[in-house]
Amino acid sequence: MLSKLFVILFLLVHAPDDPVKKDCTCNGFKLYGKIKIVNDFPDLKVKIVENFPDLKVKVVEHFPDHCGEWQIVSDFPDLKIKLVENFPDIKVKFVENFPGLP
């Protein structure tokens, strides 16, 4: 019984707080590339915030090759997102400069 309690406490204390990994992924999805905003069956749920984002995003027209660079598309996306207010997978802030991890 005591060992189960120890394992639970260990997992709570050492649980990762940041949903965005150092390699700019979340739940196995890369957070750059061609992004499609959908209402149904998203890969990730995203909340737009002004403070304390998990990722800073810059919308680009071409070559979204670096962390946080998103090209919004309607066809052939790399990632499908749904914009939500509650229970997001990640929180993003749209920026003009210096996209990526905060």
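Side chains are part of it too, since the values below use all heavy atoms of this structure and drop only hydrogens, waters and symmetry mates.
Atom CH2 of W70 and atom NZ of K36 lie 15.0 Å apart (nearest 0.5 Å). Remark: L31 CG to D54 CG distance equals 9.5 Å, nearest 0.5 Å. Note: N27 CG to D89 CG = 5.5 Å, rounded to the nearest 0.5 Å. Atoms CZ and CD1, from F29 and I35 in turn, are 11.0 Å apart once rounded to the nearest 0.5 Å.
Every pair tested for disulfide bond (SG atoms under 2.5 Å apart) that includes a residue from residues 73-102 fails, sequence neighbours excluded, so the list is empty. The list of disulfide bond (SG atoms under 2.5 Å apart) pairs with a residue in residues 70-102, not counting sequence neighbours, is empty. Applying the disulfide bond (SG atoms under 2.5 Å apart) test to residues at least two apart or on different chains, none of the pairs has a partner in residues 32-62. Residue pairs meeting the disulfide bond (SG atoms under 2.5 Å apart) criterion with at least one member in residues 57-100, sequence neighbours excluded: C24-C67.
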Below 3.5 Å, can you tabulate the donor-acceptor pairs from side chains in residues 57-66 to any protein atom, sequence neighbours excluded?
none

N/O donor to acceptor pairs below 3.5 angstrom from side-chain atoms of residues 39-48, sequence neighbours left out:
from: D43; atom 1: OD2; to: K80; atom 2: N; distance (Å): 2.8
from: K47; atom 1: NZ; to: E85; atom 2: O; distance (Å): 3.4

Under 3.5 Å, which donor-acceptor pairs do the side chains of residues 72-79 form with other protein atoms, sequence neighbours left out?
from: D78; atom 1: OD2; to: K34; atom 2: N; distance (Å): 2.8

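Residues passing the side chain to side chain donor-acceptor pair (under 3.5 Å) test with N86, sequence neighbours excluded: none.
Through direct or relayed side-chain contacts under 4.5 Å between Ile, Leu, Val, Met, Phe, Trp and Tyr, V49 connects to no other residue. The hydrophobic cluster analysis finds V84 isolated: no Ile, Leu, Val, Met, Phe, Trp or Tyr side chain comes under 4.5 Å of it, directly or through other members.
Linking ILVMFWY side-chain heavy atoms closer than 4.5 Å, directly or via other members, places I37 and I90 in a single hydrophobic cluster.
Counting all heavy atoms, side chain and backbone alike, V92 lies closest to P53 at C-CB, 4.0 Å.
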